[in-house]
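Note that the structure is predicted; figures quoted are calculated from it, not measured. Below, chains carry the letters A, B, ... as their sequence lines are ordered, and counting in each starts from 1.
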There are 2 protein chains.
Amino acid sequence: MDRPSGTARRAPLSRERVLRAAVAYADGAGIDALSMRGLAQELGVVPMALYKHVANKDELLDGLVDAVLAEIAPPVVDGTWKAAVRERILSARQVLLRHPWAARVITSRAAPTPGALAYLDSVIGTLRGGGLSVDLAHHAMHALGSRVLGFTQELVPTGVGTTPGAETGAGAGAGTTADSGGEVGGDGGGGDPAAAGMRELAARYPHIAAVVADRTHDGASVVGAGCDDQFEFEFALDLLLEGIERLHRQGWTSATAGRA
Amino acid sequence: MDRPSGTARRAPLSRERVLRAAVAYADGAGIDALSMRGLAQELGVVPMALYKHVANKDELLDGLVDAVLAEIAPPVVDGTWKAAVRERILSARQVLLRHPWAARVITSRAAPTPGALAYLDSVIGTLRGGGLSVDLAHHAMHALGSRVLGFTQELVPTGVGTTPGAETGAGAGAGTTADSGGEVGGDGGGGDPAAAGMRELAARYPHIAAVVADRTHDGASVVGAGCDDQFEFEFALDLLLEGIERLHRQGWTSATAGRA
DNA sequence: ACCTGAACACCGTTCAAGT
DNA sequence: ACCTGAACACCGTTCAAGT
């Protein structure tokens, strides 16, 4: 009768239970499918019951943000500031990979949540602990931007931030514009449709095609799927961290920068 | 009677007219207020009439994206690749400042639009024209990420990407969490509320407070409002561009990098 | 005092009925 | 063949009526 863990069907609703259910719901069905009514049904409760624990949907989303941010590993204390920040940010990225909807929810918030501020404060603390000036730490945080939260900020949507149902959208959509007058390959059944798409891509976007062709040499097969997200993330992160480290060594200040 | 320009009330609907009206609508009322029904009313037309020119709302949003991207200035042809890319990206940023809703709409698209691909292709072309390898150009685009489209990717929402109604949200929201047990300043009418908020900020987020305090020395007055967005954008952009240039000079390839 | 059903003012989109 | 009103299946949230 009494099962302390698991999904107790009639446990009294609490803000934490509401948030936990909402995270699970978003993980499973996507953030667009998360509605107050649907969440209430999932909890076996009338919609209005939720409003006892969250003021409205915006506050629910704020709660989701902080629930996700709480999963980011605490900072490591030994080693350089650079290694510590690097590791923390890579941890944040893992959290975002677990909750693909989180990036969009975080960016949709009008004001930063308490959890976001706490995380931000902690990262600045690591920079300061490494000897960076307040000035440089400030601009470093701006430069890292949402990357500090694990955001990839892809130019084309692949990986974090992509909606679940759009796996092959980039490849197929590339050559399929509404105004394409004369078809190249046709759909009669002749050649490989992927090869035909590749030909149209090359005609329309030669430089993108060159990149894709270069990538397909080593391993990848499908258009746009050849990018190693983890490598790209670390590439950009290291570009920024090394630039910041260089400025730090040079005793950079915003006053001496090319600010005019 | 016949006024060729301006808002002709009974001009035959066209896809372009629909998109122009939608951009104006979003500019004026915000993207959240843009609905098919509302847009139809704005155009003096029954909702279903729109579906003759856009398949559905998603296609309307795709159209908005390309309409905005078309405003980005064409690339300059003389000078270094670095200067050309820098200028182009700063132009993209100006476009996004004109249409604060655009960043969120662009990131919400499941697949890249034709206009996004064309812009992407063009920027890669500039990098290649400057002598960068396909390999480096590829990773450079990833590193620049959506910044290439003018995205600021702020950690805390100020400027581009912020919804119109949240001007002072960051400052006021910082010290106002739901679980704040004992109030520091109270609201009886005693001290400066800004100073009280600052005191609570300092207690809760000391490193953020230090940054804010450092900023308020030169000019700024309100919490969080002291950041020069343009400076921060160029700071991050130059950090990346200079890092990429350094790799280019060193003959960097992803094979020789610390890829394991 | 607490909880909740019905209602309000919206959505995007389908579909059948009008011309 | 074209256009469009009504309808469908949803939303978040208010509010008054129930216990």
Gap in Å between the two P atoms, one belonging to C:dG18 and one to D:dC8, rounded: 16 Å
In the structure I gave you, are the side-chain heavy atoms of B:E232 and A:H138 within less than 4.5 Å of one another anywhere? yes
Atom CD of B:Q230: over 12 foreign heavy atoms under 6.0 Å: yes
Please assess B:M36 against B:V54 for the test side-chain contact (heavy atoms from CB on, under 4.5 Å), listing each intermediate value before the final yes or no. CA-CA 10 Å; B:M36 297 296 279; B:V54 290; 4.1 Å; yes
Find the distance A:Q41:CD to C:dG5:P and express it as a whole number of Å. 14 Å
Keeping A:D66 on the side-chain end and A:L69 on the backbone end, is there a donor-acceptor pair under 3.5 Å? no
Nearest atoms (heavy-atom pairs only) where A:V148 meets A:M141: CG2-CE, 4.4 Å
Measure from NZ on B:K52 to C1' on C:dC15 and round the result to the nearest Å. 13 Å
Distance in angstrom units between B:E59 CD and C:dT13 P, rounded: 11 Å
For the student: nearest non-hydrogen atoms of A:S108 and A:V105, plus distance: OG-O, 2.7 Å
Whole angstrom value for the distance that separates P of D:dG12 from CG of A:D58: 11 Å
Find the distance B:R37:CZ to C:dC10:P and express it as a whole number of Å. 10 Å
For A:M48 and for B:G38, find the nucleotide of DNA chain C with the closest heavy atom, then tell me which residue's nucleotide is more 5'. A:M48
Taking atom P in both C:dA9 and D:dA9, what distance in whole Å separates the two? 22 Å
Winner on side-chain proximity to B:M36, out of C:dT4, C:dG12, D:dG5, is C:dG12
Let me know the distance between CG of A:L13 and P of C:dC3, rounded to the nearest Å. 10 Å
Is the side chain of A:R88 donor-acceptor paired with the backbone N or O of A:A73 at a distance under 3.5 Å, no angle test? yes
For A:N56 and D:dC11, give me the distance from atom CG to atom C1', rounded to whole Å. 14 Å
Writing each nucleotide of DNA chain D 5' to 3' as (, ), [, ], | or . by Watson-Crick or G-U pairing under 3.5 Å yields ||.|||||...|||||.||
Considering only D:dT13, C:dT4, C:dT13, which nucleotide approaches the side chain of A:A49 most closely? C:dT4
Of the candidates D:dT4, D:dT13, C:dG12, the side chain of B:K57 sits closest to C:dG12
Would you mind reading off the distance between A:L60 atom CG and D:dC11 atom P, rounded to a whole angstrom? 14 Å
